[in-house]
Amino acid sequence: MSNFGKGCHLHLIDGSAFIFRAYHALPPLTRKSDGLPIGAVSGFCNMLQRYVDGDHGPDAPTHLAVIFDKGSHTFRNDLYDLYKANREAMPEDLRPQIPLTRQATEAFNIPCKELEGYEADDIIATLAHQARDAGGRVTIVSSDKDLMQLVGDGVEMFDAMKNKRIDRDGVFEKFGVFPDRVVDVQALAGDSVDNVPGAPGIGVKTAALLINEFGSLEELLDRAEEIKQPKRRQTLIDMRAQIELSKRLVALDANTPLDFTLDDLELRDPDPDTLLGFLAEMEFRTLTKRIADKLGAEAPVIAEKASPEAEEAPQPEQPPFDASKYECVRDAAALEKWIAQARERGWVAVDTETTGLNEMTADLVGISLAVEPGAACYIPLTHRDGDAGDLFGSDKLAEGQMPLQEALDLLKPVLEDPAILKIGQNMKYDAKIFARYGVAVSPIDDTMLLSYAMHGGLHGHGMDTLSERYLSHTPIPIKPLLGSGKSAITFDKVPIDEATAYAAEDADITLRLWQLFKPQLHRAQVTTVYETLERPLVPVLAEMEMHGVKVDREVLSRMSNAFAQKMAGLEAEIHELAGETFNVGSPAQVGEILFDKMSLEGGKKGKTGKYSTPADVLEDLATEHELPARILDWRQLSKLKSTYTDALQTHINPDTGRVHTSYSITGANTGRLASTDPNLQNIPVRTEEGRRIREAFVAEPGNVLLSLDYSQIELRILAHIADIPALKQAFADGLDIHAMTASEMFDVPLAEMTPEIRRRAKAINFGVIYGISGFGLARNLRIPRAEAQEFIDRYFERFPGIRTYMDDTIAFAKEHGYVQTLFGRRIHTPEINAKGPHAGFARRAAINAPIQGTAADVIRRAMVRMPDAIRDLPAKMLLQVHDELLFEVAEDAVEDTIAAARDIMEGAADPAVRLDVRLVVDAGRGANWAEAH
DNA sequence: GACATCACG
DNA sequence: GACGTACGTGATGTCC
């Protein structure tokens, strides 16, 4: 027998709406004692408290509940697998706060309701119907338009943001129809936020017009032939199924199976101890006091200082590593159990095993998963029987493996599920492998990137390093499994039991590292860096790398031959001049010829006791002697041939005809990317002969290469960071910055500037960025040290902000052990307090890192935003070379692409950082990279 | 595998 | 007063 009836007023709070509003309305607060993010929880509690204690007049609640979503998979996903598929992953600092909002609700003694497989909206619909049918009234606290279909007959909504009630007329204002036809309008108009398709080209306005004309969606679809506009008529006829599906998606289910009744939701007072205990635990000082006053209870004491125990976040007991506990998954039933575990938790560590290190050519051999420390498995897929001596048997799949496709079909929904976080170590690798098998892994977390964000500059971020350092565990080495040299085998030949121990352990380690690192991200104050500069770069780089750049083998091959001929001629000449034959490629032999045999000056021996013969030494000798000049010529050609025209050809992928570099996100301490296999960030450009190698980098027919590069980005950033008015003004006026510096330093009017004076100023400008020293500048400019020092002194005199910046930066590094970029990236400087020459290196690196690092952050931000900006253009981003982005674009879209990409690049710092100096991007285009640059 | 050298920003 | 010194990378060839 229910007590709920006439005179009762049920208030239903949409919990998710409260959480998101609280999250976005407040800065990212953290709990003082341990850095736990609690901003959203704080806002949520405040909103809840204000709502409960607020004056609702005649609409005061007699019954109250907060309704939450549960799980990501609902019956709507079964209807339409793309439902809510484009929803962005939950911000990482919000995720841990979700369970806390449930706890908060319970602490307030408010019923907290959720139901697996249903959205909060369905529960709200069910309760609203029940309450209305019982003769009571209902207030739904939300402004979500999806709930508007419920309004009417005593059911109203309340927009807590605008403090406004929404009734039937309010719904009509929004939709142009009354609540009973809202789903019809939504079915037609669709919803981009939830990915409800609707009818293309029809929005809310048109939809309302049609529904009002025909009376209902069903009527409209049945009589679609009568519509006058031909395009609209055709859409409705063609898209009927999609529209009907959309209606099923937007219609709320008012018959959810609830295990409680309206009576359970009766308003009740909170228990002071429970509520105050929770608030104190969250360390909400103001709110705790306010509520304690209201309840007439004493506010519990909240420690002011972070407790030392809390600083050293106690790690829960970890099971030891035990390879025998890892499961080898050999059939679908076993795999499904692991998948269920991943779904239950909302996360899973993933690692792939393949036949090689090149993601473009390596084949998938197996997959390992981990869900908890110690709970890991390996799924062998394409291991081969490696029976020695049996040439035919070696290609046969080993027994006891599930079919590759079956495993992928089972895993794909998990790997692509926006509600399940996929954790990996260097996920770009695994994501690229999976991409080749049609699986788009998302969302991801990456322990390598977590470490980079938190420990950049302290140590490497490979799994072995991290495992040893943070888990005190040495991973099973791969070497004994694969062997080395000629007898090395690929992973598919490794026996499955050995592979299981190795592979599952990798996933286990990754999961443990993630559980250790993830909560520390906030305490290290690098969450934003990780979330905006590291993690989102993974899919962007993966796409660039997979797309590759077209390289014309013919061009390289011709150049190789030409170089070989020239080198042969030079070599003969060199031997002639030396009076003997020797290996020109051996610096040791060159040194002996020059400094012993010919007794030339300037022979310095390195630590190996051999002469050093770098280019600058040979250049000095070359003014007087023929031999060193020819050796330099030979070396240049040798470099170009071996590193570029020869090696580059071997990197052309036979399937794509393109070269696919790999970018290392964590390779450089400053935040720069590094390019390997091959390195496409050091293709020659400074000499004419070298630059011609860029002619081999070409666009597909009908396309051009487009290069956009930041002009003087590091000097602009220096002007901003060190706050140099003269430099800022020069950039604002669009002056030649080196000429301006020269004019300022040497008192030469711009009109009388000579190339030599400008060259010196340029060297000083760069020297400043590198942590200038008199010695270094002297060597660079080939001038006496005293003179170089004079220049530097004058520079500091004219631009005193530079000195201050350098001193402040070093002081900061000494105090904190790191320096940071304008975007908050931290670069640790462990050697800064060292004694001896180490300290000098560390000081200069510390001065350089914020400048180089900020520039690196800027282009990272541009790259992360670029795919969206050029989405609708026939353009692809191919390469990044520190301050340059290279695109391949259809000829007729060049101007549009320049406009869009330049916009992103020049505005890349905004809105996180307001630079005093604007960023300028130059553009070039051509049939090849030489022309475009 | 260390070292020297040199390609780039 | 001496010590050493421009910042950040990766690939190649020699030599042990």
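Naming: A, B, ... by sequence-line order, numbering from 1 per chain.
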Rounded distance in Å between the P positions of B:dT5 and C:dA6
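My reading of the P atoms in B:dT5 and C:dA6 gives 14 Å.
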Between C:dA2 and B:dC6, how far apart are the C1' atoms? Round to whole Å, please.
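It works out to 31 Å between them.
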Hey, is the side chain of [X] pairing donor to acceptor with the base of [N] inside 3.5 Å?
X: A:S773; N: C:dT5; result: yes
X: A:R686; N: B:dG9; result: yes
X: A:R843; N: C:dT5; result: no

Partner of C:dC3 by Watson-Crick or G-U wobble geometry, both contacts under 3.5 Å, or none?
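Pairing partner: none.
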Now, which nucleotide makes the Watson-Crick or G-U wobble pair with C:dA11, with each of the two distances under 3.5 Å?
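By the stated definition (distances under 3.5 Å), B:dT5 pairs with C:dA11.
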Taking [atom1] from [X] and [atom2] from [N], how many angstroms apart are they, rounded to a whole number?
X: A:L781; N: C:dA6; atom1: CG; atom2: C1'; value: 11 Å
X: A:Q589; N: B:dT5; atom1: CD; atom2: C1'; value: 15 Å
X: A:I713; N: C:dC7; atom1: CD1; atom2: P; value: 21 Å
X: A:Q852; N: C:dC7; atom1: CD; atom2: P; value: 11 Å
X: A:H882; N: B:dG9; atom1: NE2; atom2: P; value: 8 Å

Looking at [X], I'd like to know whether one of its side-chain N or O atoms comes within less than 4.0 Å of OP1 or OP2 on [N].
X: A:R672; N: B:dG9; result: no
X: A:R844; N: C:dA6; result: no
X: A:S638; N: C:dT12; result: no
X: A:S664; N: C:dT9; result: no
X: A:N583; N: C:dT14; result: yes
X: A:T643; N: C:dG10; result: no

Sole candidate of A:N928, A:V685, A:L705 that passes side-chain contact (heavy atoms from CB on, under 4.5 Å) when paired with A:R694:
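Looking at A:N928, A:V685, A:L705, the match for A:R694 under the side-chain contact (heavy atoms from CB on, under 4.5 Å) is A:V685.
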In terms of side-chain heavy atoms, does [X] have a donor or acceptor partner in [Y] at a distance below 3.5 Å?
X: A:D446; Y: A:Y452; result: no
X: A:D793; Y: A:Q789; result: yes
X: A:D723; Y: A:Y805; result: no

If you take the centroid of each ring, where Trp contributes its six-membered ring, are A:F791 and A:Y795 closer together than 6.0 Å?
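A:Y795 vs A:F791: aromatic centres not under 6.0 Å.
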Base, sugar-phosphate alone, or nothing: which one does A:Q636 contact when heavy atoms must sit under 4.0 Å apart?
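Sugar-phosphate, backbone atoms only, no base.
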With sugar-phosphate meaning primed atoms plus P, OP1 and OP2, does A:I769 contact a base, only sugar-phosphate, or nothing at under 4.0 Å between heavy atoms?
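If one applies the 4.0 Å heavy-atom cut-off, A:I769 turns out to touch nothing in the nucleic acid.
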With DNA chain C as reference, determine whether A:N669 or A:H651 sits nearer its 5' end, using the nearest nucleotide of each.
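Comparing both residues, the 5'-ward one is A:N669.
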